[in-house]
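First the structure, in the form of structure tokens, and then the observations on it.
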Amino acid sequence: MTSTPATAQSAGDAAVEPATGRPAGTPAPRPADSAAASAPAAASVTGAATDAADAADAAGRRLHAPVNDWFDEHARDLPWRRPEAGAWGVMVSEFMLQQTPVNRVVPVYEQWLARWPRPADLAAEPSGEAVRAWGRLGYPRRALRLHAAASAIRERHGGDVPREHAQLLALPGVGEYTAAAVASFAYGQRHAVLDTNVRRVFARAVTGRQYPPNATTAAERKLARALLPEDEATAAKWAAATMELGALVCTARSPECVRCPVAAQCAWRLAGSPEHEGPPRRVQTYAGTDRQVRGKLLDVLREAVAPVPQARLDAVWHEPIQRARALDGLVADGLVEPLPDGLYRLPLT
DNA sequence: AACACGTGGTG
DNA sequence: TCACCAAGTGT
């Protein structure tokens with residue numbers, strides 16, 4: 001078997017690799033493409049309805065080259081950006097990175113890809129093994145969905161991560177963001193990739209607000225599409241670059257504007273960096289919730305090599321009603337398999 | 001639309 | 001300390 005399944009799958013597509021990064025130690029390429037190739041389509045109609053599009057065109061032309069050039073210089077050498085990661089590596093990383101910081105993902109990602117280098121390798125194992133290998137990344141349903149996605153890839157796509165956005169979107173655990181991310185990062189396609197980093201960068205640089213709305217809006221999607229460079233390879237780099245800018249410089253708490261390649265044209269700064277207005281972003285509570293209990297229960301089962309008696313699980317939480325509800329929920333979600341005689345384990349299915 | 005869903009780092 | 005935050009998805 002090859003160690004680069006998805007790369008082999010797309011071997012004929014020369015435009016794929018450079019989208020999201022470069023090999024470590026490689027001098028940053030400085031293609032002369034940025035300015036010329038990234039000019040968005042000109043607005044074709046006059047009138048007020050096109051003002052927003054015109055503004056986005058203008059903003060895009062000013063932002064594409066500096067942001068993409070900054071990325072060439074400062075992109076992190078993350079394992080899923082290396083060519084050998086392939087589409088499967090990109091997909092695994094995207095699942096793990098959902099709501100989870102990069103530095104916690106890296107070691108789990110490395111072990112995962114070493115153990116399951118292709119989707120079929122994961123699909124061949126019980127889903128409980130995926131849950132166990134997920135470790136303490138959090139939201140373990142993602143592990144279950146990644147396992148289910150691997151099975152679907154084996155059954156429906158001959159073992160290769162599909163290239164089509166619609167086919168990616170149909171996979172378990174793949175939503176709008178992840179479908180666009182895989183299509184863009186793994187296959188170099190032109191898609192608006194709108195994650196929390198990109199939303200914040202656009203909110204500041206273009207819309208002039210400190211933070212984006214609580215939930216993604218149609219206006220944000222429209223803006224993201226309008227800002228997307230025309231050229232496919234430039235668009236793919238732009239997707240990764242805007243995300244990286246949000247992750248490294250234009251951060252939520254304390255943006256480092258002195259290091260920002262577009263600080264001089266940032267709408268939020270030009271407006272005087274006004275404080276956020278509107279409804280505060282809801283803080284998700286955790287202590288005392290079912291989620292915390294589920295976490296404790298699953299922690300016991302992850303560490304166990306044999307089925308665990310109910311009494312071991314009862315020890316993790318004092319309140320019996322909530323404890324039972326949490327365990328029932330885990331079983332209902334397919335994260336835990338109940339056995340006769342009050343024994344429990346991670347699923348073997 | 002609002003809520004559930006883990007875990008750990010940080011200012 | 002504790003609220004906030006981290007490459008979202010499914011219902």
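The stretch residues 320-334 of chain A has no heavy atom under 4.0 Å from DNA chain C, so no residue of it qualifies as close. Residues from residues 302-316 of chain A lying near DNA chain C, meaning a heavy-atom separation below 4.0 Å, are absent.
Partners of R136(A) by salt bridge (charged side-chain N to carboxylate O under 4.0 Å, His left out), not counting sequence neighbours, listed by chain and number: D299(A). With sequence neighbours excluded, no residue satisfies ring-ring contact (aromatic ring centres under 6.0 Å, His included) with W317(A). Residues satisfying the side-chain hydrogen bond (donor to acceptor under 3.5 Å, both in side chains) test with R221(A), not counting sequence neighbours, are none.
Distance check on atom P: dG8(B) versus dT9(C) gives 23 Å, rounded to whole Å.
The CD-C1' distance, from E256(A) to dG11(B), rounds to 14 Å in whole Å. The nearest whole Å value for the distance from the CZ atom in R291(A) to the C1' atom in dC3(B) is 10 Å. Separating the CZ atom of R294(A) from the P atom of dT7(B) is a distance of 10 Å, rounded to the nearest angstrom. In this structure, N214(A) atom CG and dC3(B) atom C1' are separated by 13 Å, rounded to whole Å.
Atom CZ of R302(A) sits in a crowded spot, with more than 12 heavy atoms from other residues, nucleotides or ligands closer than 6.0 Å.
Inspection of the Q98(A) and Y177(A) side chains reveals no N or O donor paired with an N or O acceptor under 3.5 Å. Counted by atom type alone, R142(A) and T100(A) present one or more donor-acceptor pairs between their side chains at under 3.5 Å.
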request  = Begin from the C-alpha positions of W134(A) and W112(A) and carry the test ring-ring contact (aromatic ring centres under 6.0 Å, His included) through to its verdict.
outcome  = CA-CA 8 Å; W134(A) 198 255; W112(A) 194 283; 5.7 Å; yes

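A 4.5 Å side-chain heavy-atom check between S93(A) and M96(A) finds every atom pair outside the cut-off. Counting heavy atoms from C-beta on, the side chains of E129(A) and R115(A) come closer than 4.5 Å. Between Y344(A) and R312(A), every side-chain heavy-atom pair lies at or beyond the 4.5 Å cut-off.
Y286(A) comes within 4.0 angstrom of a nucleotide base, judged by non-hydrogen atoms across all strands. If you check every strand for non-hydrogen atoms under 4.0 Å, L298(A) touches nothing.
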ask   = Which parts of nucleotides 6-11 of chain C does protein reach within less than 4.0 Å, heavy atoms only, written one letter per nucleotide 5' to 3' as B for base, S for sugar-phosphate only and - for none?
value = BBBSS-

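Relative orientation of the W80(A) and Y109(A) rings is perpendicular, given thresholds of 30° and 60° on the angle between their planes.
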